[in-house]
Amino acid sequence: MRRAFRAQPAAASGRAPCPNLAAGPLRFYCEVYRPFTTGTQIMKPRVRFAPSPTGFLHIGGARTALFNWLFARHHGGTFVLRIEDTDVARNTQAAVDIILEGLRWLGLDWDEGPVTSDATGASRGPCGPYFQSQRKDSYRQRVEALLSRGLAYEKEGAIRFKMQREPITIPDMVCGDIVRPLTDREELDPDFVIVRSDGEPVFHLVNVVDDLDMGITHVIRGEDHLTNTAKHIALFRAFGVEPPRYAHIPLILNPDGSKMSKRDQGAIISVYMEEGFAPEAVLNYLCLLGWSPKDNREIMPLAEIIERFDLPGVLRSSAKFDMTKLQWVNWEYIRSMPNDRYYELAVHALGKAGINTNTFPVEYVRAALDTVKEKPKTFSELPGWCDFYFKDEIVFAPEAVERDFVPANTAGLAKLRDALEQLATFKSSDIEATLKATAKELGVKAGVLVHPTRMACTGKPIGPSLYHLMQVLGKDRTLARIGHALNHPGFGG
RNA sequence: GACCCUAUGGUCUAGCGGUUAGGACACCUCCCUUUCACGGAGGUAGCCCGGGUUCGAGUCCCGGUAGGGUCGCCA
C-alpha cells in the first residue's frame, strides 16, 4: 500500500497528447524548449501559472500570473493555468474557486486549463488534465524511466533523484547566468526526494514533468524558486530534454521589508474585490511593481501594457507594496472611467452598503453619482460621499453640528430657505445666485451660509459641490431638509 | 552554517563613466475656491559603507553591511 504510487502498471494514460508533443520521442521536446533558436519555424511561447489552492490568491501570485499572461499576450503565445493540488487534505474545490475567481476578476483569461474548479471536470486545451491530482500516471511513468536508467533510487520507501555534484548554471532572462553550487548541507547529500514514502510525488518532480508534458517554453515565477531551479534543470536533463527558459521575478515585500504573508495588508486579492478596487487599476499598479516601461509612464491602458511588456524590462530587486499609491492609481481609474462602468460599480458598492438605488429614478441615481465621481479612492468609500442622496433620515456629524448648528446661524439659514422657496427653477446656478445674494443681504461671506446648509442637506461637513448637490436633491427635498435642520436644538429652538 | 539574489529621497522608479541625479505617490507652502477635493505654482527629501579601476564613478571591480530567498518525504 505504501507503494501505491508505483504499484499500478505503467500503462499509457488515456488522455490526448499535446499537439506539439504527440510524436513521442523525447528528443522532440528539445525543439519545443528552444522556441526562438531552432529550426525555421518560430514557435510561440507557452507559459503557465501554477498556483497551489491554499484558500486565497496572494498578490505575489497574482503578479506572477499577470507577468506570465502579459508575456503570452505580448508574444502571441499561450497562457496555461495549471492547478497544483497535490496536497489533497489541504486543497479543496472551494480553494480552487478562489483562484479562478481572482484571476477572472483581474481579467487574466487562460487559453488552456480548467473550466471549473472540479478537478475531474471539463478543461480547455490539449495538455490536460490541468490538475496535478489527475496526472499521477505521467509522474509514475517518468519516475519509472529514471529508475530504470539508474538516475533515481529507492531509499527507506521514498524515491530519490541522483543530483549532480557540480555547480549548475541557471540561465535566467531576468537575473542573467546564475551559478548555483551545492550548499554545505547538500554537499553531505545532494540527492533529493521525488516520491515520498507514501507514494505521493513531490513538487520538484511534478512541476518539471508537467512543464515538460505541457510544452512550457518559459517559466516565469517568483525569485523564491531561483536556487531550486538547479534541481529542475537537472531533472529536465535526466529526462533527456533541455529545460525551458527561466525568468525569476522579484518578490513583493511589506512596507517594512518583511515577507508578505496572507495576514498582511493588501496581501490577498479578495480584499481588492471587496474593497471596491477596479481590477484594471490593480493590474496597472501590479505591473509597476517589478517592471518599468522606462519612460515615466504610469497610468497605462492594458493594451499599451501588453504592447510594451517584456522580460528585459523586469527589474531584479524586490519592491515594497504601497497601498497609498495603489489607491491613487485606483482613483485615477475611477475618475476617468466610462460613466456606464462607473455607475455599475458604484451601484454595486452602494448595494453592499445597504443602499438600494433601484427605488430611485435612474436619472436621479446617475445625477447623484455624477457629483461624486472624483471623490472616492475606492468604491467602498463611495457610500460615505453620497449616501445622503438615498436616505430619508440623515445623521448629522457631531463636531460639525457644534460648529454650524448654532443660534448665530439660525436667521441666515431660515432666510436662505425662504429665498430658495421662491425659486421657479432649481438649478445649481439659481441656487448659487440665491445663496450669494442672501449672504450679501446679511452682510456675511457665502461660507457662513454654505456650511450649515451643507450640514442640513447632507449631514456632513464635506462632500460634493453644494449647489449641484442641492439641484440633484431637488427643491422639495432640499427645503424639507433645511426646515428639519432648523428644528435642531443647536439653533436655539 | 552554506549558497543565491538585491541595494537611487519614506515608497515605486529613470539613469546604463562626465546630468543642476529626472518622473510618480506621499508630505509641506501658496494660489484658486461653497466644504473636501480637483487644478495651478513652489518646496523638503536620495545614489548603504569602505577600498580599487579611471582624468572623472550612482553607473565598472572587490570587500563589508543590510534586506530578501534557498538548502524539506511543503508547494
Side-chain angles (χ1 to χ4, degrees), chain A residues 50-54 84-87 90-91 132 155-160 167 170 172 174-176 178-190 192-204 206-207 222-231 248 250-253 255-259 285 287-299 315-329 331-332 335 372-376 385 400 404 428 431-432 435-436 439 445-451 453-455 458 460-470:
Chain A
S52 178
T54 52
E84 305 219 333
D85 60 339
T86 52
D87 190 337
R90 193 170 68 187
N91 302 322
Q132 286 185 335
K155 184 183 181 186
E156 292 169 6
I159 297 173
R160 312 182 84 223
I170 303 163
D172 191 283
V174 171
C175 303
I178 306 300
V179 179
R180 187 28 248 277
L182 297 179
T183 66
D184 57 351
R185 290 173 209 271
E186 289 167 336
E187 287 285 358
L188 268 30
D189 179 11
F192 58 93
V193 171
I194 53 176
V195 180
R196 302 193 301 221
S197 53
D198 66 0
E200 290 298 321
V202 305
F203 166 75
H204 298 303
V206 298
N207 193 266
E223 192 186 25
D224 50 336
H225 290 289
L226 181 56
T227 50
N228 273 333
T229 300
K231 292 188 173 88
H248 288 92
L251 270 21
I252 300 176
L253 272 25
D256 68 357
S258 62
K259 186 183 182 180
Y285 174 73
C287 286
L288 267 15
L289 285 185
W291 173 74
S292 170
K294 307 288 187 189
D295 64 354
N296 290 335
R297 288 275 288 159
E298 294 202 304
I299 305 295
L315 286 310
R316 300 179 63 164
S317 56
S318 48
K320 291 171 186 165
F321 179 79
D322 185 353
M323 179 60 91
T324 304
K325 182 137 186 179
L326 203 207
Q327 290 190 327
W328 171 78
V329 172
W331 173 74
E332 287 283 347
R335 65 202 292 247
V372 292
K373 190 177 181 183
E374 293 196 349
K375 298 296 182 187
W385 288 99
D404 296 325
S428 61
I431 298 165
E432 178 172 2
L435 184 142
K436 286 183 173 170
K445 294 205 288 187
V448 174
L449 288 178
V450 165
H451 296 302
T453 306
R454 172 181 298 283
M455 274 294 289
T458 73
K460 304 171 206 289
I462 64 172
S465 161
L466 178 64
Y467 311 127
H468 293 84
L469 133 210
M470 289 166 81

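In the text below, chain A, chain B and the rest are named by the order of the sequence lines, each starting its count at 1.
- Contact annotation for A:Asp224: backbone-only contact, meaning every heavy-atom pair under 4.0 Å involves sugar-phosphate atoms and none involves a base.
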Task: Under 4.0 Å protein heavy-atom contact, by nucleotide of nucleotides 27-48 of chain B - B base, S sugar-phosphate only - done: -------BBB-SS---------

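- If you check every strand for non-hydrogen atoms under 4.0 Å, A:Lys259 touches sugar and phosphate atoms only.
- Figure legend. B:C27 is base-paired to B:G43; pairs are counted as Watson-Crick or G-U wobble with both atom distances under 3.5 Å.
- Regarding A:Glu187, its CD atom lies at a distance of 15 Å from the C1' atom of B:C4, rounded to whole Å.
- One interatomic measurement links the two molecules: CG of A:Asp295 to P of B:A24, which rounds to 13 Å at whole-angstrom precision.
- For the side-chain contact (heavy atoms from CB on, under 4.5 Å) with A:Leu289, the qualifying choice from A:Leu326, A:Asp322, A:Ile252, A:Leu251 is A:Ile252, the only one to do so.
- With a cut-off of 3.5 Å on both Watson-Crick or G-U wobble distances, the partner of B:U19 is given as none.
- Here OG1 of A:Thr453 is found 11.0 Å from CE of A:Met455. Values are rounded to the nearest 0.5 Å.
- B:U34 and B:C25 have their C1' atoms separated by 29 Å, given to the nearest Å.
- Remark: the A:Lys325 side chain and the B:A24 base include a donor-acceptor N/O pair separated by less than 3.5 Å.
- Using a 4.0 Å cut-off, some side-chain N or O of A:Thr86 falls inside it from OP1 or OP2 of B:A75.
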Open item on the list: Is there a salt bridge (Lys or Arg N to Asp or Glu O under 4.0 Å) between A:Asp198 and A:Arg196? Walk through the geometry before answering.
Closed with: CA-CA 5 Å; A:Asp198 66 0; A:Arg196 302 193 301 221; 3.4 Å; yes

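- To the nearest whole angstrom, the two C1' atoms, one in B:U44 and one in B:G39, are 22 Å apart.
- The phosphate of B:A14 (OP1 or OP2) has a side-chain N or O of A:Ser292 nearer than 4.0 angstrom.
- Within 4.0 Å (heavy atoms only), A:Lys231 reaches sugar-phosphate atoms of the nucleic acid but no base atom.
- Put simply, CD1 on A:Ile170 is 13 Å from P on B:C71, counting in whole angstrom units.
- Pairing of B:G58, defined by two Watson-Crick or G-U wobble distances under 3.5 Å, is not identified with any nucleotide.
- One can place CZ of A:Phe321 at 15 Å from C1' of B:A26, the figure rounded to the nearest angstrom.
- The distance between atom CD of A:Glu200 and atom P of B:A75, rounded to the nearest whole Å, is 9 Å.
- Contact annotation for A:Gly290: backbone-only contact, meaning every heavy-atom pair under 4.0 Å involves sugar-phosphate atoms and none involves a base.
- Here A:Val206 lies out of heavy-atom contact (under 4.0 Å) with every strand.
- Here the side chain of A:Ile178 is nearest to one of B:A75, B:G68, B:C4, namely B:C4.
- Nearer to the 5' terminus of RNA chain B, by closest-nucleotide assignment, is the contact made by A:Arg316 (compared with the other of A:Arg316 and A:Val193).
- Taking 4.0 angstrom as the limit, A:Asn296 places none of its side-chain polar atoms (N or O) nearer than this to OP1 or OP2 of B:G22.
- By the 4.5 Å heavy-atom criterion applied to side chains, A:Thr86 and A:Pro201 are not counted as neighbours.
- Atom CD1 of A:Ile170 is separated from atom OG1 of A:Thr227 by 7.0 Å, given to the nearest 0.5 angstrom.
- Remark: A:Arg196 is in phosphate contact with B:C74, judged by side-chain N or O atoms under 4.0 Å from OP1 or OP2.
- B:C47 and B:C60 have their C1' atoms separated by 15 Å, with the value rounded to a whole Å.
- With rounding to the nearest 0.5 Å, the separation of CZ in A:Arg180 from CG in A:Leu226 is 9.0 Å.
- To the nearest angstrom, C1' of B:G67 lies 16 Å from CD1 of A:Ile252.
- With rounding to whole Å, A:Asp184 atom CG is found 13 Å from B:C71 atom P.
- Distance alone, capped at 3.5 Å, places no donor-acceptor pair between the A:Ser52 side chain and the A:Thr54 backbone.
- The line from CD of A:Glu374 to CD of A:Glu332 is 9.5 Å long, rounded to the nearest 0.5 Å.
- Between the SG atom of A:Cys175 and the CZ atom of A:Arg316 there is a distance of 5.0 Å, given to the nearest 0.5 Å.
- Out of B:C5, B:U13, B:A75, the shortest distance to the side chain of A:Glu223 is found at B:C5.
- Classification of A:Asp224 and A:Lys259 as a salt-bridged pair fails, no side-chain N sitting under 4.0 Å from a carboxylate O.
- Summarising the base pairing, B:G63 is matched to B:C49 through a Watson-Crick or G-U wobble pair whose two defining distances lie under 3.5 Å.
- If you measure from atom CD of A:Glu298 to atom P of B:G22, you get 16 Å, rounded to the nearest angstrom.
- Of the C1' atoms belonging to B:G69 and B:C74, the separation is 16 Å, rounded to the nearest Å.
- Between A:Lys320 and B:U11 there is a side-chain N or O to OP1 or OP2 distance below 4.0 Å.
- Nucleotide B:A2 forms a pair with B:U70, judged by Watson-Crick or G-U wobble geometry with both contacts under 3.5 Å.
- Nucleotides B:U8 and B:G43, compared at atom P, are 25 Å apart to the nearest Å.
- For B:A2, the OP1/OP2 oxygens have no side-chain nitrogen or oxygen of A:Arg180 closer than 4.0 Å.
- Within the 4.0 angstrom heavy-atom criterion, only backbone atoms of the sugar-phosphate kind lie near A:Ser317; the bases stay farther away.
- Summarising the base pairing, B:A14 is matched to no nucleotide, lacking a Watson-Crick or G-U wobble pair whose two defining distances lie under 3.5 Å.
- Spacing of P atoms, B:G40 relative to B:A26, comes out at 14 Å, to the nearest Å.
- Here NE2 of A:His204 is found 9.5 Å from NE2 of A:His225. Values are rounded to the nearest 0.5 Å.
- At the heavy-atom level, A:Glu84 lies under 4.0 Å from the strands shown only through sugar-phosphate atoms.
- Comparing the C1' positions of B:A45 and B:G23 gives a spacing of 15 Å, expressed to the nearest Å.
- Inspection of the A:Asp172 and A:His248 side chains reveals an N or O donor paired with an N or O acceptor under 3.5 Å.
- Rounded to whole Å, the separation between the C1' atoms of B:G15 and B:G22 comes to 8 Å.
- A glycosidic torsion no more than 90° from 0 defines the syn conformation, and B:C38 adopts it.
- A:Ile299 comes within 4.0 angstrom of nothing in the nucleic acid, heavy atoms only.
- Taking only distance into account, the side chain of A:Ser197 meets the base of B:C73 through a donor-acceptor pair shorter than 3.5 Å.
- Each of A:Arg185 and A:Thr324 was assigned the nucleotide of RNA chain B with the nearest heavy atom; the assignment lying further toward the 5' end belongs to A:Arg185.
- For B:U33, there is no paired base (Watson-Crick or G-U wobble, both distances below 3.5 Å).
- Looking at heavy-atom distances under 4.0 Å, A:His248 makes no contact with the nucleic acid at all.
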